[in-house]
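Written below as structure tokens is the structure these notes are about.
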Amino acid sequence: MTVRPPTLRENRRYVLARILPQGFSPDPKDLYYAIADAVTSLWGDDAASRIHPAVVAVENGHVFIRCQRGFERELLIALTTTATCGGGPVALRTVAISGTMESLRNRLKSSPVPPVFGPGTDATFDQRQCTVEYCESQKIDVVEKGFKNAARFFLTTEDLEDH
Amino acid sequence: MTITDTGLRPYPNGDSSIRRMALEAAGLGFDSLVAIGIPPADYSGITVREGVLIGNIPAREASAAVKRSREGTLVMVEAGDNGFNRAMLGVKGVHVLCGIQNADRHAFDHVTAKMAADNGVAVDISLAPLIRKRGASRQKALQRYRDVLMLSRKFSFPLILSTHASSVLEMRSVREMSALAVMIGFDLPEVESALACAGSASFGTGPVRVIV
């Protein structure tokens with residue numbers, strides 16, 4: 001299939017969304033299925049075909065999502081309803097919308113996700129033995145040690161000190 | 001205007017501490033939070049107000065629980081059948097009727113709407129079913145919310161937009177909540193007043209005084 005000339009191509013927009021929990025980098029295919037499910041279940045098959053969402057890239061804890069121009073609002077609302085990905089809880093927080101990937105990448109450079117600090121450090125929270133999974137300034141995510149109930153807790157550094 | 005998220009369930013009911021939720025809320029554009037069972041405090045510049053959620057008990061026990069609640073707490077009552085809702089709307093000290101999407105179809109009608117307006121009781125529009133549920137249950141919630149919105153426009157009782165988040169992953173930004181509310185059918189002034197309702201100084205902090 002030959003590439004269409006620019007004037008005949010579909011106009012597209014790109015959405016940059018932050019993936020939560022921090023440090024979780026899902027498989028792009030799983031993320032696509034989660035977003036496609038959110039779009040289809042909220043707006044229906046007809047609207048989903050018009051929105052035409054696609055996961056372009058997953059970089060630095062962010063996802064680049066492509067859609068048809070004019071359907072950004074519908075995509076953003078659907079992203080709000082994305083709650084699971086690959087069987088685990090996830091949230092997508094929209095950061096920016098642009099007509100090009102390049103400008104979103106510039107945006108990503110201007111607000112980079114800080115590097116993971118102290119993963120694997122032992123911590124105690126409410127008499128639970130935990131391991132630090134992610135730490136960014138005051139925010140700290142810990143995972144409870146154990147075979148069965150490896151629950152993830154979202155805390156601040158003060159919470160660890162208090163307990 | 002104080003933008004407030006209502007009905008949060010921090011640790012031990014959820015997986016996030018109240019400090020972390022307040023930190024997230026500050027980044028999401030909120031000024032205050034109402035958290036169930038958490039003593040009032042200020043964290044990261046966010047005012048946290050205590051909320052009490054009363055539900056799944058008979059009307060007599062529920063009204064006793066309302067009377068037992070401390071001054072300054074936001075008293076939220078889980079909606080039941082029509083008789084229960086009428087009884088609870090008449091109880092002094094009830095601030096919010098929530099869980100209307102789980103109640104039966106006739107639980108909130110024009111009579112209860114009029115009572116809510118007369119007593120200044122707000123009806124909670126929880127965005128949690130729109131975020132977490134799919135299919136018929138989400139459609140039911142959307143139908144119910146549109147019906148409540150129509151009654152609110154006619155009888156002028158206050159509405160509250162909330163996420164009822166038990167995790168930071170379930171919290172949504174003010175912009176995202178506005179977008180979901182607009183999808184339900186709210187217009188922008190209605191969204192603003194619904195987000196500001198729980199945080200307004202005159203709501204749920206004491207008896208209404210008539211100043212002539």
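Since the model is a prediction, treat every value here as computed from it, not as a measurement.
- In this structure, the portion of A:Ile140 lying under 4.5 Å from any heavy atom of chain B is its backbone and not its side chain.
- For the pair A:Glu10 and A:Arg4, the salt-bridge criterion is not met [side-chain N within less than 4.0 Å of a carboxylate O].
- Residues B:Phe186 and B:Tyr145 keep their aromatic ring centres 6.0 Å or farther apart.
- Taking B:Val168, B:Leu127, B:Val182 one by one and counting their heavy-atom pairs under 4.5 Å with chain A, the maximum is reached by B:Val168.
- Ranking A:Ile77, A:Leu76, A:Leu20, A:Thr82 against chain B, the residue ahead of the rest is A:Ile77, based on heavy-atom pairs under 4.5 Å.
- A salt bridge links B:Arg134 with A:Asp37; the closest basic N to acidic carboxylate O contact falls under 4.0 Å.
- The parts of B:Leu169 that come within reach of chain A are both its backbone and its side chain, each placing non-hydrogen atoms under 4.5 angstrom from that chain.
- Without hydrogens or angle criteria, B:Asp5 side chain to B:Leu33 main chain gives no donor-acceptor distance under 3.5 Å.
- Per-residue counts of heavy-atom pairs under 4.5 Å with chain A were compared for B:Arg138, B:Met21, B:Met183; the largest is that of B:Arg138.
- Using a 4.0 Å cut-off between a side-chain N of Lys or Arg and a carboxylate O of Asp or Glu, A:Arg105 and A:Glu59 qualify as a salt bridge.
- For the options B:Met177, B:Lys133, B:Gln139, B:Glu24, heavy-atom pairs under 4.5 Å to chain A are most numerous at B:Glu24.
- For the set A:Gln138, A:Lys139, A:Glu74, the entry with the most heavy-atom pairs within less than 4.5 Å of chain B is A:Lys139.
- A donor-acceptor contact closer than 3.5 angstrom links the side chains of B:Asp124 and B:His164.
- Both the backbone and the side chain of B:Met171 come within contact range of chain A, with heavy atoms under 4.5 Å apart.
- A salt bridge links A:Asp141 with B:Arg20: the closest approach of a Lys/Arg side-chain nitrogen to an acidic carboxylate oxygen falls below 4.0 angstrom.
- Looking at B:Ile18, neither its backbone nor its side chain comes within 4.5 Å of chain A, counting heavy atoms on both sides.
- Aromatic ring centroids of A:Phe125 and B:Tyr11 lie under 6.0 Å apart.
- When heavy atoms are compared at a cutoff of 4.5 Å, A:Arg93 approaches chain B by way of both its backbone and its side chain.
- Counting heavy-atom pairs closer than 4.5 Å to chain A, the top residue among B:Ser17, B:Gly14, B:Pro12 is B:Ser17.
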